[in-house]
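The chains referred to below are lettered A, B, ... by the order of the sequence lines, with proteins before strands, and numbering in each begins at 1. For the numbers below, each heavy atom of this structure counts, side chains included, while hydrogens, waters and symmetry mates do not.
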Number of protein chains: 2
Amino acid sequence: MATGRTHRPATRSRGIPEATVARLPLYLRALTALSERSVPTVSSEELAAAAGVNSAKLRKDFSYLGSYGTRGVGYDVEYLVYQISRELGLTQDWPVVIVGIGNLGAALANYGGFASRGFRVAALIDADPGMAGKPVAGIPVQHTDELEKIIQDDGVSIGVIATPAGAAQQVCDRLVAAGVTSILNFAPTVLNVPEGVDVRKVDLSIELQILAFHEQRKAGEEAGAGADGAVPPVAARKQPHSTDQGPDGDVPAVMPA
Amino acid sequence: MATGRTHRPATRSRGIPEATVARLPLYLRALTALSERSVPTVSSEELAAAAGVNSAKLRKDFSYLGSYGTRGVGYDVEYLVYQISRELGLTQDWPVVIVGIGNLGAALANYGGFASRGFRVAALIDADPGMAGKPVAGIPVQHTDELEKIIQDDGVSIGVIATPAGAAQQVCDRLVAAGVTSILNFAPTVLNVPEGVDVRKVDLSIELQILAFHEQRKAGEEAGAGADGAVPPVAARKQPHSTDQGPDGDVPAVMPA
DNA sequence: CCATCTTTGTGCACGCGTTCACAAAGACAT
DNA sequence: ATGTCTTTGTGAACGCGTGCACAAAGATGG
């Protein structure tokens, strides 16, 4: 899920399927844990269990990277950690800017997982002048005016948007104009970006709604399909539905963001 | 993607494909925006543009819900908002507990998107006794000891885990034992859950790593495959690779095929 | 009532991703 | 060396998701 521009043939470039790329970080995490415990080698079965996937899938995934295993033995942990890191581009470190230092932005800035794996918080940016200079996670917040300068000076190519939905597209446009080509979007909006820019989104309420769907399904299965007393739709606009199946009714209980 | 237990045949229940379910919240958001502007009807083309998807895909998605459109006209906005809300189970509201009130947990508690769309924060829970009673987002934090009682009293079926990775599995086990059947996991760990429990994960560093991969690919495409001076791996464990195909240190070729 | 025009709903084909199942490859013991 | 045993790497089949392209449905105007 989640690349904004799904139009591209995706993995046309150089073999590795998108689905595999999405799992590599998972394998890497499991391997790193093994490495810390000084485990020398691991079989596809063990590693798959640790990563929560099927072992056949894991082997096929690795086969796209090359033949890094040894039959009858398994995979060399250290070697594989390096190979995957390199494939993911984690041998260099990536400066990242976080825009929007509210609750979420601050949480992200404090998140340890950044620095540990090839990512470095190059700057924290917020539109509120009152925030300027105030340190968050040891880094002073800078004003939006500085955005372009920071990106160009530090060669930032990855931006994280943690602003309110209303500001997201505008921030996105400025990031892209300044040279950012990869964006991680936490704002609940669809971002419009030009060709060549990758967008991934993380959306809280979408995840919750998907869970709610399954939850409802579970609940509805055991209970017989009783006529649930759901109020019929408002049908405020009756026009297209001349054949109104619901006479009265009132507003759906859903509200905006 | 990202349901922990992918084993289930997924959509076996009642038609609606998983991929479609994942997009419904997107449509709902776009429709809600239209509703606020009092737009009466919308065509699949317009709505698809607003949601950032293909119009054919949108129509097919809606076809799984039923025939709610009117040919030659489009879809009734209010009606569709209601239908999707009902399908997603948002006409009832879901009590949610958030476990782990650190930076991220606090951010989640403050996130407006929760309350607005059928979700209600039933409780904030943290293991630190010092946090107990302290209000976050207007809700007093409660100690982990209360977890089981809260879940049972409020009939909570959805839990959000925002703890450090080390505590996540343990918290998860307690949530499940107490009756939670859907979990949204922000901790960077694979959660093990019994059959029937849904897990969705949101993982920062994985998203960033995927972006890094594509970023590296973009950079590597324009620049010719110059011998990048990447330091070869430690290769601490040489054993399994006794048959070194290279005279010197095994240089990882940038790409297999 | 008929013709035309718009937009939905869907049959169909295609490609990606997943899984099975097995042959090949190497380790290890004798 | 040779045989056995373990585990990888992958060919092939299958199913899901996507997008095209078009017929059917209804609106609208004469």
Side-chain angles (χ1 to χ4, degrees), chain A residues 1-3 5-13 15-24 27 40-49 51-76 79-80 237-243, chain B residues 1-3 5-13 15-24 27 40-49 51-76 79-80 237-245 256-257:
Chain A
M1 122 193 76
T3 306
R5 288 288 65 132
T6 323
H7 297 328
R8 184 186 336 158
T11 52
R12 105 188 179 309
S13 69
I16 307 185
E18 190 60 28
T20 295
V21 172
R23 281 188 293 268
L24 290 182
Y27 302 144
T41 61
V42 63
S43 71
S44 64
E45 202 69 49
E46 293 168 314
L47 185 54
V53 303
N54 182 300
S55 72
K57 192 186 296 187
L58 178 142
R59 286 199 300 276
K60 179 145 291 199
D61 282 341
F62 285 174
S63 78
Y64 292 116
L65 307 183
S67 288
Y68 294 146
T70 305
R71 298 175 189 226
V73 175
Y75 298 91
D76 180 279
Y79 188 67
L80 204 45
R237 291 279 144 195
K238 312 275 311 180
Q239 291 179 4
H241 291 286
S242 50
T243 58
Chain B
M1 100 193 71
T3 305
R5 290 288 63 134
T6 324
H7 296 330
R8 183 183 338 157
T11 54
R12 108 187 177 306
S13 71
I16 307 185
E18 190 59 28
T20 295
V21 172
R23 280 187 295 267
L24 290 182
Y27 301 145
T41 61
V42 63
S43 72
S44 64
E45 202 68 50
E46 294 168 316
L47 185 54
V53 303
N54 182 299
S55 72
K57 192 186 297 185
L58 178 143
R59 287 198 300 276
K60 180 148 293 194
D61 282 342
F62 285 174
S63 78
Y64 292 115
L65 306 183
S67 287
Y68 294 147
T70 304
R71 296 176 190 224
V73 175
Y75 299 90
D76 180 280
Y79 188 68
L80 204 45
R237 294 275 146 197
K238 305 273 320 176
Q239 289 179 5
H241 293 285
S242 53
T243 58
D244 49 359
Q245 58 268 50

- Flag the pair B:Leu24 / B:Leu65 as yes when at least one side-chain heavy-atom distance between them is below 4.5 Å, and no otherwise. yes
- Query: By side-chain contact (heavy atoms from CB on, under 4.5 Å), which residues pair with B:Ser44, not counting sequence neighbours?
  - Reply: B:Ser55, B:Leu58, B:Arg59, B:Tyr75
Using a cutoff of under 3.5 Å, can you pull out all pairs of nitrogen or oxygen atoms linking the protein to nucleotides 6-10 of chain C, with atom names and distances?
| from | atom 1 | to | atom 2 | distance (Å) |
| --- | --- | --- | --- | --- |
| C:dT7 | O4' | B:Gly72 | N | 3.0 |
| C:dT8 | OP1 | B:Ser44 | N | 2.5 |
| C:dT8 | OP2 | B:Ser44 | OG | 2.6 |
| C:dT8 | O2 | B:Arg71 | NH1 | 3.0 |
| C:dG9 | OP1 | B:Gly69 | N | 3.1 |
| C:dG9 | OP2 | B:Tyr75 | OH | 2.6 |
| C:dG9 | O4' | B:Arg71 | NH2 | 2.9 |
| C:dG9 | N7 | B:Arg59 | NE | 2.9 |
| C:dG9 | O6 | B:Arg59 | NH2 | 3.2 |

- Query: Which heavy atom of A:Asp76 sits nearest a heavy atom of A:Thr41, and at what distance?
  - Reply: CA-CG2, 4.2 Å
- Task: Round to the nearest Å and state the distance from A:Leu58 atom CG to C:dT19 atom P.
- Result: 12 Å
- Query: Is B:Leu80 close to B:Phe62 at the side-chain level, that is, under 4.5 Å between some pair of heavy atoms?
  - Reply: yes
- Query: Can you tell me how far P of C:dG17 sits from CD1 of A:Ile16, to the nearest Å?
  - Reply: 12 Å
- Item | Rounded distance (Å) that lies between atom P of C:dT19 and atom NZ of A:Lys57 | 4 Å
- Task: Give the rounded distance in Å between these two atoms: CZ of B:Arg23 and P of D:dC16.
- Result: 15 Å
- Query: Please give, in whole Å, the distance from C:dG17 C1' to A:Asn54 CG?
  - Reply: 12 Å
- Check: A:Tyr68 and A:Tyr79 side chains under 4.5 Å, non-hydrogen atoms: yes
- Message: So, using side-chain contact (heavy atoms from CB on, under 4.5 Å) as the criterion, who are the partners of B:Ala22 when residues are at least two apart?
- Response: A:Ile210
- Message: From CD of B:Glu18 over to P of C:dG17, roughly how many Å is that when rounded to an integer?
- Response: 17 Å
